[in-house]
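Notes to accompany the following structure.
Keep in mind the model is a prediction, meaning the values are calculated, not measured. Values below: all heavy atoms of this structure, side chains included; hydrogens, waters and symmetry mates excluded.
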Amino acid sequence: MSSTLLEVTRASHEEVERFERLIVKDLQTEPPTNKDRLYQSHRVRNMIEQIIDTTLKLVDIYEDKDGARKDEIAALGGQTATGTNVFSAFYDRLKEIREYHRRHPAARGIIDTSDEYEQLLKEEPQIEFSGEEGSGRYLDLHELYNQYINSKFGEPIEYTAYLDVFSQPQKIPHKAKASRQYLEYLQKLLEYLVYFFERTEPLQDLDRIFSKVTSEFEEEWTLGKVEGWENNGQEDGSAPENHIDLGYYSTAEELMVVGPERLKEELGRLGLKTGGTVQQRAERLFLTKNTPLEKLDRKHFAKGSRKPEQNGVVVAPQVGNVKEIALLEAKIRRLCDLLDETILRTRENVVKKQALTYEEMEAEREEDDVQAESESDEEDQQIYNPLKLPMGWDGKPIPYWLYKLHGLGQEFKCEICGNHSYWGRRAYERHFKEWRHQHGMRCLGIPNTKNFNEITSIDEAKLLWERIQERQGVNKWRPDLEEEYEDQEGNIYNKKTYTDLQRQGLI
């Protein structure tokens, strides 16, 4: 009975509507704890995926590529091969229904599936987090940290310092990035951040976010304005600065023009022999124009050197590899912006743990587990807070002396942030590096540098920017120094020098 296409279509539409109502009902409930919020988000995500799957099936039915739906509708209308007989089709259908219910008496009752769907609202999806991640509150970057400090592109720093620099790959020198090891590090870092983001923010459309990042990256890459890669590795295939671009030379003889020292330097950079005459050096270097280094004869390499694929270093990275690395960095920066609060919370947690002994850390972990179980019960209790003090990490008002010590009763407003209020000096000073203030400065067309710290007024920021531009001489025409004059002998002078010589009768 329920196997007909029309019945399947009706049931599918009903299922979509049920899931939509369940999503609305679930989102109307405010989750009391972070754990409940994660459960709610994953439940909604699962229901959205089921809606998408059901909708795709409906699209296939409506497209009716095999004509089955059209034939079924025609059969219900009494259309047969011999003609149209509505009454005959009706009684045949009635006979089929009666025969079905005679064989299946239990099918006569009305089946209410609302309870089954309501159970979905109580479902607790299984979300895997490591012990260091604290149910999605903190990042666990220890493995990537070890890879960073033991690599050639990294530096031996503390874990807390790594939490500040891992989100800024553009600050790593270009020479250190020219290795497969760095590419693998970026891929692992991006993979972890994506995995963590999907677990903690399941309702975010990560594909859409990355699509926007990629489109913006392509525009900036074409213009040579990608952060950290300005004017490097353009799509026209130009070589990095100070490297010889063989695309400009058609023969080894033309390459000799660059000189023996430049040829020697370039050969040494590629791991090839640097001896011989200028012509021999040029011929040896010209071989690399159309032949990859790994396919060159061993006799061309310097003694003791290894080929690029053996030592893991890409001596002369191709434009495609450079662009791939730059795109990975752009995606990592975008994810770090979205996880900014989590990164800050992770750093504070690491600093706090450094002051604890092993026994205190174990006791705190057990306390967190007990607190997570009783957290929802505590939320239902009314908290006595007549002074309206801010809530601490334990969900209770902070002590009044701490409130006065940090000046949390002092309000700071920032006009650049849209007159947003910041309570306490610490929050006020920190907001100059946060996204809200940076966005406001970008809207004003002013770079957010240290010169503009402590400035919250739009007029003051504009006035200071104008003074900085005047001091630097930006967009200012100085005719006495920049206007050029030529004497009868073809010598070029600026206006001031030309006028002084003319007055002295020397011109």
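A cation-pi geometry, defined here as NZ or CZ lying under 6.0 Å from the six-membered ring centre and within 45° of its normal, does not hold between Lys413 and Tyr422.
Side-chain contact between Arg45 and Glu198 is absent, with no heavy atoms from C-beta onward closer than 4.5 Å. The shortest distance between side-chain heavy atoms of Glu133 and Tyr138 does not fall below 4.5 Å. Using a 4.5 Å heavy-atom cutoff, the side chains of Leu335 and Val194 are in contact. A heavy-atom distance below 4.5 Å is found between the side chains of Leu183 and Leu328. Side-chain contact between Glu191 and Gln187 is absent, with no heavy atoms from C-beta onward closer than 4.5 Å. Ile149 has its side chain out of reach of Glu155: every pair of non-hydrogen atoms, C-beta onward, lies at least 4.5 Å apart. No side-chain heavy atom of Tyr428 sits under 4.5 Å from any side-chain heavy atom of Arg426. Taking 4.5 Å as the limit, some side-chain heavy atom of Val8 sits within range of a side-chain heavy atom of Ser12.
Shown here for Arg333 and Ser167, the closest heavy-atom pair between the two residues is CG-O, 3.8 Å. Between Ile332 and Leu193, the shortest heavy-atom distance links the atoms CG2-CD1, 4.1 Å. Heavy-atom minimum distance, Pro169 versus Tyr182: CB-OH, 3.6 Å. Minimum heavy-atom separation, Phe452 to Ala461: CE2-O, 3.5 Å. Scanning both residues, Thr222 and Glu218, for their nearest heavy atoms gives OG1-O, 2.8 Å. When all heavy atoms of Lys331 and Thr214 are compared, the pair lying nearest together is CE-OG1, 4.0 Å.
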Problem set entry | Audit row: Met441, His437, side-chain contact (heavy atoms from CB on, under 4.5 Å) steps and yes/no | CA-CA 6 Å; Met441 295 292 284; His437 192 83; 3.8 Å; yes
Exercise. Between Lys95 and Glu99, does a salt bridge (Lys or Arg N to Asp or Glu O under 4.0 Å) hold up when you go through it step by step?
Worked result: CA-CA 6 Å; Lys95 181 179 178 181; Glu99 182 66 20; over 6 Å; no
For this session: Might you work through the side-chain contact (heavy atoms from CB on, under 4.5 Å) test for Thr456 and Ile416, ending with a clear yes or no?
Result: CA-CA 6 Å; Thr456 58; Ile416 297 175; 5.6 Å; no
For this session: Tell me, with the steps shown, if Cys417 and His431 meet side-chain contact (heavy atoms from CB on, under 4.5 Å).
Result: CA-CA 9 Å; Cys417 297; His431 99 277; 3.5 Å; yes
For this session: Output, in order, the C-alpha distance, side-chain angles, deciding distance and verdict of side-chain contact (heavy atoms from CB on, under 4.5 Å) for Val165 and Lys171.
Result: CA-CA 8 Å; Val165 302; Lys171 293 186 177 181; over 6 Å; no
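In this structure, CD in Gln170 is found 7.0 Å from CD in Glu329, a value given to the nearest 0.5 Å. Rounded to the nearest 0.5 angstrom, Phe19 CZ and Ile51 CD1 are separated by 7.0 Å. Note: Leu22 CG to Arg43 CZ = 10.5 Å, rounded to the nearest 0.5 Å. Separating the CD atom in Glu143 from the CD atom in Glu132 is a distance of 13.0 Å, to the nearest 0.5 Å. With rounding to the nearest 0.5 Å, the separation of OG1 in Thr33 from OH in Tyr39 is 8.5 Å. Note that CG of Leu344 is 8.0 Å distant from CD of Glu434, once rounded to the nearest 0.5 Å.
Side-chain atoms of Asp340 never come within 3.5 Å of backbone atoms of Cys336 as a donor-acceptor pair (strictly under, hydrogens ignored). Using a distance-only test at 3.5 Å, with no hydrogens or angles considered, a donor-acceptor pair links the side chain of Asn46 to the main chain of His42. Formation of a donor-acceptor pair under 3.5 Å by the Asp64 side chain with backbone atoms of Ala68 is found in this model. Side-chain atoms of Asn34 do not come within 3.5 Å of backbone N or O of Arg137 as any donor-acceptor pair. Side chain of Asn349 to backbone of Arg345: no donor-acceptor contact under 3.5 angstrom is found. Put simply, the side chain of Gln438 gets close to the backbone of Lys433: a donor and an acceptor are under 3.5 Å apart. Arg199 contributes a side-chain N or O that, together with a main-chain N or O of Tyr195, makes up a donor-acceptor pair within less than 3.5 Å. A donor-acceptor pair under 3.5 Å links the side-chain atoms of Gln40 to the main chain of Asp26, judged by distance alone.
No option in Glu429, His420, Arg425 other than Arg425 meets the side-chain contact (heavy atoms from CB on, under 4.5 Å) test with Phe412. Considering Phe153, Phe166, Tyr192 as possible partners of Tyr185, the one that fulfils the ring-ring contact (aromatic ring centres under 6.0 Å, His included) test is Phe153. With respect to Thr346, the side-chain contact (heavy atoms from CB on, under 4.5 Å) criterion is satisfied by exactly one of Leu141, Asp140, Leu163: Leu163.
Residues Lys188 and Glu184 are not paired through a salt bridge, judged by the lack of any N-O separation under 4.0 Å between the basic side chain and the carboxylate. Contact check on Glu348 versus Lys352 returns no salt bridge, with no Lys/Arg side-chain nitrogen under 4.0 Å from an Asp/Glu carboxylate oxygen.
Heavy atoms from other residues, nucleotides or ligands lying under 6.0 Å from NE2 of His439 number 12 at most. By the 6.0 Å contact criterion, CD on Glu454 is enclosed, its count of non-hydrogen atoms from other residues, nucleotides or ligands being greater than 12. Counting non-hydrogen atoms of other residues, nucleotides and ligands closer than 6.0 Å to CD of Glu63 gives a total above 12.
By the 30° and 60° cut-offs, the orientation of the rings of Tyr148 relative to Tyr162 is tilted. Ring geometry, Tyr159 versus Tyr145: the interplanar angle exceeds 60°, so the pair is classed perpendicular (tilted spans 30 to 60°).
Under the 3.5 Å distance criterion, with hydrogens and angles disregarded, no donor-acceptor pair is assigned to the side chains of Gln28 and Lys25. Between Glu411 and Ser421, the side chains place a donor N or O and an acceptor N or O closer than 3.5 Å (distance only, hydrogens not considered).
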